[in-house]
J.: 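Below is one structure. I have some questions about it.
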Amino acid sequence: MTKQLLDRALTIDIEAFQIDLVLWFTHDHRDMPWRKERDPYKIWVSEIMLQQTRVDTVIPYFERFMAQFPTVDALAAAEEEKVLKAWEGLGYYSRARNLHSAVKEVHEKYGGIVPNTPKEILSLKGVGPYTAGAIASIAFGLPEPAVDGNVMRVLSRILLIENDIAKPQTRKIFEEAVRLLISKENPSYFNQGLMELGATICTPKNPSCIVCPVQKHCEAFHKGIQTELPVKKKKIKKRTVPVAIAMLQNESGETIIEKRPETGLLANLWQFPNIEISDRNLTKEHLKTYLEERYPIQVDLNDHLVDFQHVFTHLTWQISVYAGSFKAKEPITNGTIVNAEQLDAYPLPVPHQKVARLMKGE
DNA sequence: GATACGTGGCA
DNA sequence: TTGCCAAGTAT
């Protein structure tokens, strides 16, 4: 495969390609907060936030995060709860926990200085092959590949690579391609140029080949098959999980929330008590029984208030919200009782944020 | 290698 | 409405 790839890469004028790409990025790149300086910590945080997440979504989170945790040492000293709260709504929360853990390692093991070798960078928790390459090239100017979905799309078209980009193995092929093509003079702009091109011009649908700075190097364009690439196998259908959420209040207007398990979906975030529904007709009774078994409380449940869906990558929650009242017979240990104002301090996943707003009457 | 892991935007 | 997409990683 590598030999084949080498032949294909050599069919284009590598030096001209580098110049066209880097020059284009130099003049046409979008302005982003993390592009204002070369602080490896900021590059690192931005790259973690940008994993599977759009630039426009990330920008406000990045600004707030940097205001709150401006340095490695500041983030290392923070409580996990605060970090998760800053990440609330961004998704893929293990990114926040892994970043926090890795930053603490950098604080302790490297004196707060982000390591500058590809091997050490890759060893950091939450940093995989793409992110390691991005940090190495953008923060330290090293000629390392940083292959994300954009890069695979762009290069699949330019080099006419037809491997399925949904397969993990395929990424390695593109890394080999980048090692052949990357500008040794400016690896940072070369890698960012590839990604920027994919994000703005060489898009999945309706690529703007007319204004593409590397059009003359593109095999797919010459053959008129750019929309056929990249090859990507379709995903399987996701399952639906019915969930009943209890929105409880006592006479003081306080409610019960609990912390989710430290692993799995939405790990370490907080939520309103809930159960998976087995039989829709018996939901109200099941929920009441569950609540009174789990907590030392007496529950009075109303008929269900509203239904809504929340779609995850791999499953869908079909949610029914049940309002009701409770009286605590003893102190609660496996959850906590909070008022509306205190609730704001807890990191909640989006569907539970919706319940919180419901309870406040918003 | 396949699957788990969030969320919001868009055709 | 439904499905796909967006600067992936861990297990």
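Note on naming: letters A, B, ... go to the chains in the order of the sequence lines (proteins, then strands), and numbering restarts at 1 for each one.
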J.: Who are the side-chain contact (heavy atoms from CB on, under 4.5 Å) partners of Ala16(A), not counting sequence neighbours?
T.: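 With sequence neighbours excluded, Ala16(A) shows a side-chain contact (heavy atoms from CB on, under 4.5 Å) to Asp13(A), His217(A), given in chain and number order.
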
J.: Can you check whether Phe69(A) and Phe65(A) have ring centres sitting under 6.0 Å from each other?
T.: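 They qualify: ring centres under 6.0 Å apart.
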
J.: Write down the distance separating the P atoms in dT3(B) and dC4(C), rounded off to the nearest Å.
T.: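 Result for the P pair: 15 Å, nearest Å.
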
J.: Give me the other members of the hydrophobic cluster that Ile332(A) sits in, counting Ile, Leu, Val, Met, Phe, Trp and Tyr linked by side-chain heavy atoms under 4.5 Å, directly or via other members.
T.: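 Leu248(A), Ile256(A), Ile275(A), Leu287(A), Tyr290(A), Leu291(A), Tyr295(A), Ile297(A), Val299(A), Leu301(A), Tyr322(A), Phe326(A), Ile337(A), which link up through side-chain heavy atoms under 4.5 Å apart, make up the rest of the cluster.
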
J.: Going by side chain to side chain donor-acceptor pair (under 3.5 Å), name the residues that satisfy it together with Gln215(A), two or more places apart in sequence or in a different chain.
T.: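 Per chain and number, Gln215(A) pairs via side chain to side chain donor-acceptor pair (under 3.5 Å) with no residue.
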
J.: Which sits closer to the 5' end of DNA chain B, Arg239(A) or Tyr93(A), going by the nucleotide each is nearest to?
T.: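 Residue closer to the 5' terminus by nearest nucleotide: Arg239(A).
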
J.: Looking for any heavy atom pair under 4.0 Å, which part of the strands does Arg260(A) touch: base, sugar-phosphate only, or nothing?
T.: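 It contacts nothing in the nucleic acid.
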
J.: Nearest whole Å is fine: how far is dG8(C) C1' from Glu175(A) CD?
T.: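 Atom CD in Glu175(A) sits about 12 Å away from atom C1' in dG8(C).
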
J.: Using the test ring pair (Phe, Tyr, Trp, His ring centres under 6.0 Å), find all partners of His107(A) that sit at least two apart in sequence or belong to another chain.
T.: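 Scan of His107(A) (ring pair (Phe, Tyr, Trp, His ring centres under 6.0 Å), adjacent residues dropped) gives none.
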
J.: Please tabulate, for side-chain N and O atoms in residues 180-195 of chain A, each donor-acceptor pair with protein atoms closer than 3.5 Å (sequence neighbours left out).
T.:
residue	atom	partner	partner atom	Å
Ser183(A)	OG	Glu185(A)	N	3.2
Ser183(A)	OG	Asn186(A)	N	2.9
Lys184(A)	NZ	Ile182(A)	O	3.3
Asn186(A)	OD1	Tyr189(A)	N	3.0
Ser188(A)	OG	Gln192(A)	NE2	3.0
Asn191(A)	ND2	Ser137(A)	OG	3.0
Asn191(A)	ND2	Glu144(A)	O	2.8
Gln192(A)	OE1	Arg35(A)	NE	3.1

J.: Leu90(A) CG to dG8(C) P: how many Å, rounded?
T.: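 It works out to 13 Å between those atoms.
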
J.: Can you name the residues that form a side-chain contact (heavy atoms from CB on, under 4.5 Å) with Thr131(A), not counting sequence neighbours?
T.: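 Partners of Thr131(A) under the side-chain contact (heavy atoms from CB on, under 4.5 Å) test: Glu47(A), Ile48(A), Gln51(A), Val127(A), Ile135(A).
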
J.: Closest nucleotide of DNA chain C for Ser46(A) versus for Val127(A): which of these residues is on the 5' side?
T.: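 Of the two residues, Ser46(A) wins.
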
J.: Reading DNA chain B from 5' onward, which residue's closest nucleotide shows up sooner: Pro168(A) or Ala267(A)?
T.: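 Here Pro168(A) is the residue nearer the 5' end.
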
J.: Using the closest heavy atom to pick a nucleotide of DNA chain C for each, name whichever of Lys125(A) or Met32(A) lands nearer the 5' end.
T.: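 Upstream on the strand: Met32(A).
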
J.: With sequence neighbours left out, write down each residue that passes side-chain contact (heavy atoms from CB on, under 4.5 Å) with Pro40(A), or none if nothing qualifies.
T.: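 Listed in chain order: Val114(A), Ala139(A), Phe140(A).
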
J.: Please report the distance separating the P of dT2(C) from the corresponding atom of dC5(B), rounded so that it comes out in whole Å.
T.: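 Rounded to whole Å, the distance is 23 Å.
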
J.: Taking NZ from Lys238(A) and P from dC5(C), how many angstroms apart are they, rounded to a whole number?
T.: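 Going from NZ in Lys238(A) over to P in dC5(C) covers 12 Å.
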
J.: Just to be sure I understand the geometry, which residues of residues 350-357 of chain A put a non-hydrogen atom under 4.0 Å away from DNA chain C?
T.: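 Residues of residues 350-357 of chain A under 4.0 Å from DNA chain C: none.
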
J.: Please classify the nucleic acid contact of Val311(A) as base, sugar-phosphate, or nothing, using heavy-atom distances under 4.0 Å.
T.: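 Base contact - Val311(A) has a heavy atom under 4.0 Å of at least one base atom.
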
J.: Expressed as a whole number of angstroms, how long is the span from Met195(A):CE to dG8(C):P?
T.: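 So the two atoms are 9 Å apart, to the nearest Å.
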
J.: Could you give the distance separating dG6(B) and dT11(C) at their P atoms, to the nearest angstrom?
T.: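 Those two atoms are separated by 14 Å.
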
J.: Using a 4.0 Å cut-off to any heavy atom of chain A, which nucleotides of DNA chain B are the first and last in contact, reading 5' to 3'?
T.: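 Counting from the 5' end, contacts occupy dG1(B) to dG8(B).
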
J.: Within this structure, what is the CZ-to-P distance between Phe312(A) and dC4(C), rounded to whole angstrom?
T.: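 Between P of dC4(C) and CZ of Phe312(A): 19 Å.
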
J.: Please set out all donor-acceptor pairs under 3.5 angstrom arising from side-chain atoms of residues 77-84 of chain A, sequence neighbours excluded.
T.:
residue	atom	partner	partner atom	Å
Glu80(A)	OE2	Asn268(A)	ND2	2.6
Glu81(A)	OE2	Trp270(A)	NE1	3.1

J.: Are Tyr61(A) and Trp87(A) an aromatic pair, judged by ring center distance below 6.0 Å?
T.: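 Not close enough - the centres of the two rings lie 6.0 Å or further apart.
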
J.: Describe the nucleic acid contact of Gln169(A) in one word from base, sugar-phosphate, nothing, applying a heavy-atom distance below 4.0 Å.
T.: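 The answer is sugar-phosphate, as Gln169(A) gets under 4.0 Å only of primed atoms, P, OP1 or OP2.
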
J.: To the nearest angstrom, how far is Ile59(A) atom CD1 from dA6(C) atom C1'?
T.: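 After rounding, the reported distance stands at 14 Å.
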
J.: With a 6.0 Å cut-off on ring centres, are Phe308(A) and His310(A) close enough?
T.: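 Between His310(A) and Phe308(A), which both carry aromatic rings, the centre distance is not below 6.0 Å.
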
J.: What is the distance, rounded to the nearest whole Å, between atom CG of Asn98(A) and atom C1' of dG8(C)?
T.: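 My rounded result for the distance is 12 Å.
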
J.: Can you sort out the partners of Glu228(A) under side-chain contact (heavy atoms from CB on, under 4.5 Å), two or more places apart, ordered by chain and number?
T.: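 Glu228(A) satisfies side-chain contact (heavy atoms from CB on, under 4.5 Å) with Ile225(A) only.
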
J.: Around Lys125(A), counting heavy atoms of other residues, nucleotides and ligands shown, do more than 12 lie under 6.0 Å from its NZ?
T.: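 For Lys125(A), atom NZ is not crowded (no more than 12 foreign heavy atoms under 6.0 Å).
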
J.: When you measure from every atom of DNA chain C, which of residues 48-57 of chain A have a heavy atom less than 4.0 Å away?
T.: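 Close to the strand are Leu50(A), Gln51(A), Gln52(A), Arg54(A), Val55(A).
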
J.: Whole angstrom is fine here: how far is it from CZ in Phe308(A) over to P in dT1(C)?
T.: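 For the pair Phe308(A) CZ and dT1(C) P, the rounded distance is 15 Å.
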
J.: Name the nucleic acid region contacted by Arg97(A), choosing base, sugar-phosphate or nothing; use a 4.0 angstrom heavy-atom cut-off, strictly under.
T.: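 No contact.
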
